[in-house]
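Let me begin by presenting the structure, written as structure tokens, before commenting on it.
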Amino acid sequence: MRYIRYTPKDIEILISCLLLAREGFTAIRNLGWGRYGLDEPDNPPLAAASEEAIRQNLNIAGQLAEALHNLPSGKDETDDLEYTHRCMMRFLSQNPQVTGRYRFHEFLGRIKESTFD
């Protein structure tokens, strides 16, 4: 059996990746339903959402899934990590309406500090 040794820095990077993925899944879920969160009082009823609004949200959700699909699954995949970081930064610049609701910049900042700087 082969054991992989993770340094505290490796663990910090992987945890930030997991948190980024979780945030992405939350955003995709909320975009799919046209909602801000399950318990938000400002949620519009689903019946009130126009077909165009749902299509726009699903387009944004698809872009987000595309940006996140190369998240690394191992400690030595820094090329994937840099690529994901670039894709996410492009996604956020193209979809500013998503930026304020989610903690993408926080987790991307942690990844950048731990990896590229």
d(Thr84 OG1, Asn70 CG) to nearest 0.5 Å is 5.0 Å
Side chain to side chain contact (heavy atoms under 4.5 Å, CB included) filter on Cys87, not counting sequence neighbours, yields Ala67, Tyr83, Arg90
Ignoring hydrogens and angles, write down the donor-acceptor pairs under 3.5 Å from the side chains of residues 13-25, residues two or more places apart or on other chains.
from	atom 1	to	atom 2	distance (Å)
Ser16	OG	Glu12	O	3.1
Glu23	OE2	Arg103	N	2.8

TODO: Spell out, as yes or no, whether a donor-acceptor pair under 3.5 Å connects the side chain of Asp10 to the backbone of Thr7.
DONE: yes
Note to self: Working note: Phe91 + Leu68, criterion side-chain contact (heavy atoms from CB on, under 4.5 Å); need CA distance, chi angles, decisive distance, verdict.
What the structure shows: CA-CA 10 Å; Phe91 167 79; Leu68 288 172; over 6 Å; no
- Leu81 side chain reached by Ile111 side chain, heavy atoms, under 4.5 Å: yes
Tell me whether Glu51 at atom CD has more than 12 heavy atoms from other residues, nucleotides or ligands lying less than 6.0 Å away. no
Val98 and Ile60 have their tightest heavy-atom pair at CG2-CG2, 3.8 Å
**Asked** Any side-chain heavy-atom pair from Gln97 and Asn95 closer than 4.5 angstrom?
**Response** yes
One should read off an interatomic distance between Leu31 CG and Ile54 CD1, to the nearest 0.5 angstrom, of 12.0 Å
Between the CE atom in Met88 and the CG atom in Leu71, the distance rounded to the nearest 0.5 Å is 8.5 Å
His105 meets the side chain to side chain contact (heavy atoms under 4.5 Å, CB included) criterion, sequence neighbours left out, with Met89, Leu92, Thr99
